[in-house]
Amino acid sequence: MTHTRAALDPERLQRAFGILQHWLDEGIVTAIASVVLHRGRLAGEFYGGSSAPAPDAAPVNGNSLFHIASIGKPMTACAVMLLVEAGQLALDDPVASILRGFQGAGRDSITVRQLLAHTSGLPQDPDRSRFPPDAGTANELRTYVDANPIAPPGSKVEYSNVGYGLLGLIIEEVSRTPFATFMREHVIAPAGLHDTWLAPPNDLFPRIVHVEGTLDPGSSTERFNSVYARRQTHPAGSVLSTARDVARFFQIFLDNGMCDGRAVLAPATARLMITNQTAGLRGGIEGFMTWNECAWGLGFDLRGNKHPHFSGEYTSPSTFGHTGVSGVFAWADPALDLVCVMLANRTLFSLWHASCWSRFSTAVTASLR
């Protein structure tokens with residue numbers, strides 16, 4: 001694909017960042033970090049707000065760690081694809097041939113590819129009655145082997161955290177390595193993501209941005225903000241990272257799997273991950289956004305013909321990205337050679353993002369001249 005030779009207007013980009021400042025001024029969110037890359041180089045960045053509600057909380061800066069939630073799914077997908085590259089796994093292998101007990105009730109035909117592309121028919125979230133609220137990641141994931149499809153496999157895009165939990169189990173089963181260790185050694189470190197963490201050490205806690213709008217504020221298991229939550233290593237969304245690291249990860253897929261002159265992924269792998277796997281299927285994320293034609297790659301949300309979309313009005317159909325319920329998104333457009341990362345700190349349950357995200361992304365893309 002030929003990249004555009006358009007330049008990015010710094011003044012226009014600063015006006016786009018002004019939209020983020022407006023969100024802060026209006027109290028929509030209280031912390032934001034944003035990074036824009038063009039042609040693989042930093043075009044601009046924005047940091048605003050404070051890392052916690054306390055009056056003496058540190059201001060957000062380039063070192064602030066955000067809960068990136070489901071933006072971590074493409075990272076999990078990357079780990080799976082490394083096993084595919086190594087010939088240890090095939091995309092069309094039945095999950096039942098890998099995970100003992102995952103048979104019957106319509107599950108026998110579900111493949112690894114379908115887990116990656118959210119076409120397995122498995123539910124979005126697990127049956128939480130199967131484990132205590134303070135269950136560790138390992139104990140929770142063990143119950144996923146008993147999950148049953150709620151839609152026929154391959155019939156629609158049914159966004160599934162359960163499916164990505166199963167991918168974590170598959171990584172462990174095939175590699176004989178704990179999920180977090182495999183991620184650190186084979187994805188995070190090789191990609192040069194020096195500020196990206198699963199279960200970060202305690203000394204990094206002061207850098208973690210508090211998430212507003214959780215459903216269980218103050219509880220010992222509060223999502224995102226409790227020590228318990230920060231100890232989780234769930235394959236569907238427990239990563240913490242900086243805006244710069246997220247942008248660096250997305251740039252790898254614009255650079256055919258390369259990072260700093262070395263291959264993180266084979267070029268064919270990088271291309272396949274951002275290739276549509278769901279042609280003709282409807283679906284999406286029930287309760288947030290669905291489309292009649294829901295393009296999805298191996299780990300990545302694809303723009304395709306989706307309207308509305310968080311990447312705005314001007315991105316190409318080849319744009320790939322992901323969102324996170326903690327209030328975050330990232331996208332990259334191969335046609336524009338542009339990466340946009342926006343990490344905020346309010347959950348999406350209030351749907352505050354519905355128009356805001358698209359407007360900001362449109363303004364960023366309009367900075368090209």
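Below, each value reflects all heavy atoms present in this structure, side chains not excepted, and no hydrogens, waters or symmetry copies. These numbers come from a predicted model, not from an experiment.
Between the CE atom of Met258 and the CD1 atom of Ile252 there is a distance of 10.5 Å, given to the nearest 0.5 Å. Here Asp93 contributes atom CG and Gln88 contributes atom CD; the two are 12.0 Å apart, rounded to the nearest 0.5 Å. Between atom CG of residue Leu116 and atom CG of residue Leu167 there is a gap of 5.0 Å, rounded to the nearest 0.5 Å. For the atom pair Asp216 CG and Ser226 OG, the distance stands at 7.5 Å (nearest 0.5 Å). Here the CZ-CG distance, from Phe102 to Asp146, works out to 9.5 Å after rounding to the nearest 0.5 Å. Here Trp197 contributes atom CH2 and Ser238 contributes atom OG; the two are 15.5 Å apart, rounded to the nearest 0.5 Å.
Proximity of a side-chain donor or acceptor of Gln124 to a complementary backbone N or O of Tyr159 within less than 3.5 Å is not detected. Between the side chain of Thr278 and the backbone N or O of Cys294, at least one donor-acceptor pair lies under 3.5 Å. A donor-acceptor pair is defined here as one N or O able to donate and one able to accept, closer than 3.5 Å; such a pair exists between the side chain of His67 and the backbone of Phe224. Side-chain atoms of Glu222 come within 3.5 Å of backbone N or O of Gly218 as a donor-acceptor pair. Of the possible polar contacts, one joining the Arg262 side chain to the Pro190 backbone as a donor-acceptor pair under 3.5 Å is found. Judged purely by atom type and a 3.5 angstrom limit, Arg142 has no side-chain atom pairing as donor or acceptor with the backbone of Val145. For the pair Thr365 (side chain) and Thr315 (backbone), a donor-acceptor distance under 3.5 Å is absent. With hydrogens and angles ignored, the 3.5 Å screen pairs no side-chain donor or acceptor of Thr143 with any backbone N or O of Asn139. In terms of modelled atom types and a separation under 3.5 Å, the side chain of Arg346 and the main chain of Ile28 share a donor-acceptor contact. In this structure a side-chain-to-backbone donor-acceptor pair under 3.5 Å is missing from Glu212 to His210.
Annotation: side chain of Phe320 is not in contact with side chain of Trp296 (no heavy-atom distance under 4.5 Å). Side-chain contact between Asn305 and Trp291: absent, with no pair of heavy atoms (C-beta onward) separated by less than 4.5 Å. In this structure, the side chains of His353 and Thr323 stay at 4.5 Å or more apart for every pair of heavy atoms. At least one side-chain heavy atom of Leu265 sits under 4.5 Å from a side-chain heavy atom of Cys78. Taking the side chain as every heavy atom from C-beta outward, Val112 and Val84 never approach each other to under 4.5 Å. Residues His234 and Leu141 have side chains in contact (heavy-atom distance under 4.5 Å, counting atoms from C-beta outward). The closest side-chain heavy-atom distance from Glu158 to Glu286 is below 4.5 Å. Counting only heavy atoms from C-beta outward, the side chains of Gln21 and Leu24 approach each other to under 4.5 Å.
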Could you walk me through whether Leu298 and Leu91 pass side-chain contact (heavy atoms from CB on, under 4.5 Å), step by step? CA-CA 10 Å; Leu298 299 174; Leu91 286 173; 3.9 Å; yes

side-chain contact (heavy atoms from CB on, under 4.5 Å) between Glu140 and Arg130, worked out: CA-CA 8 Å; Glu140 177 178 337; Arg130 300 287 313 281; over 6 Å; no

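Crowding of Arg100 atom CZ: a count of heavy atoms from other residues, nucleotides or ligands under 6.0 Å not exceeding 12. Taking a 6.0 Å sphere around CG of Asn292, one finds it holds 12 or fewer heavy atoms contributed by other residues, nucleotides or ligands. Heavy atoms of other residues, nucleotides or ligands lying less than 6.0 angstrom from CZ of Arg207 number more than 12.
A single hydrophobic cluster is seen to contain both Ile171 and Ile98, as judged by linkage of ILVMFWY side chains at heavy-atom distances under 4.5 Å, directly or through other members. Criterion: ILVMFWY side-chain heavy atoms under 4.5 Å apart, direct or through other members. Under it, Met342 and Leu351 are part of a common hydrophobic cluster.
Below 30°, between 30° and 60°, or above 60°: for Phe131 and Tyr144 the angle between ring planes is between 30° and 60°, a tilted geometry. Using a 30° and 60° split on the angle between ring planes, Phe288 and Phe349 fall in the tilted class, from 30° to 60°. Classified by interplanar angle (parallel below 30°, tilted 30° to 60°, perpendicular above 60°), the ring pair Phe329/Phe310 is tilted.
By the salt bridge (Lys or Arg N to Asp or Glu O under 4.0 Å) test, Asp125 pairs with no residue at all, sequence neighbours left out. Under the salt bridge (Lys or Arg N to Asp or Glu O under 4.0 Å) criterion, Arg271 pairs with no residue, sequence neighbours left out.
The side-chain hydrogen bond (donor to acceptor under 3.5 Å, both in side chains) test with Asp301 is passed by exactly one of His118, His322, His309: His309.
Heavy-atom minimum distance, Ser64 versus Val209: CB-CG2, 3.9 Å. The two residues Ser318 and Ala335 come nearest to each other via the heavy atoms OG-N, 4.1 Å. Listed here is the closest heavy atom pair of Pro74 and Gly299: CG-O, 3.4 Å. Listed here is the closest heavy atom pair of Pro200 and Arg230: CD-O, 3.5 Å. Of all the heavy atoms in Leu122 and Gly163, the pair that sits closest is CD1-CA, 4.3 Å. Across all their heavy atoms, Phe179 and Glu172 have their closest contact at N-OE2, 2.8 Å.
Between Thr242 and Asp195, the side chains place no donor N or O within less than 3.5 Å of an acceptor N or O (distance only, hydrogens not considered). Arg244 and Asn63 share no side-chain donor-acceptor pair at under 3.5 Å. In this structure, a donor-acceptor pair under 3.5 Å is absent between the side chains of Thr221 and Asp134. The closest side-chain donor-acceptor pair between Trp331 and Ser361 falls under 3.5 angstrom. Between the side chains of Tyr164 and Ser70, no donor-acceptor pair is found at a separation under 3.5 Å.
Salt-bridge check for Arg113 with Asp92: passed, with a basic side-chain N closer than 4.0 Å to an acidic carboxylate O. With salt bridges taken as basic N to acidic carboxylate O contacts below 4.0 Å, none links Asp9 and Arg15.
You'll find the ring centres of Phe253 and Phe300 inside the 6.0 Å limit.
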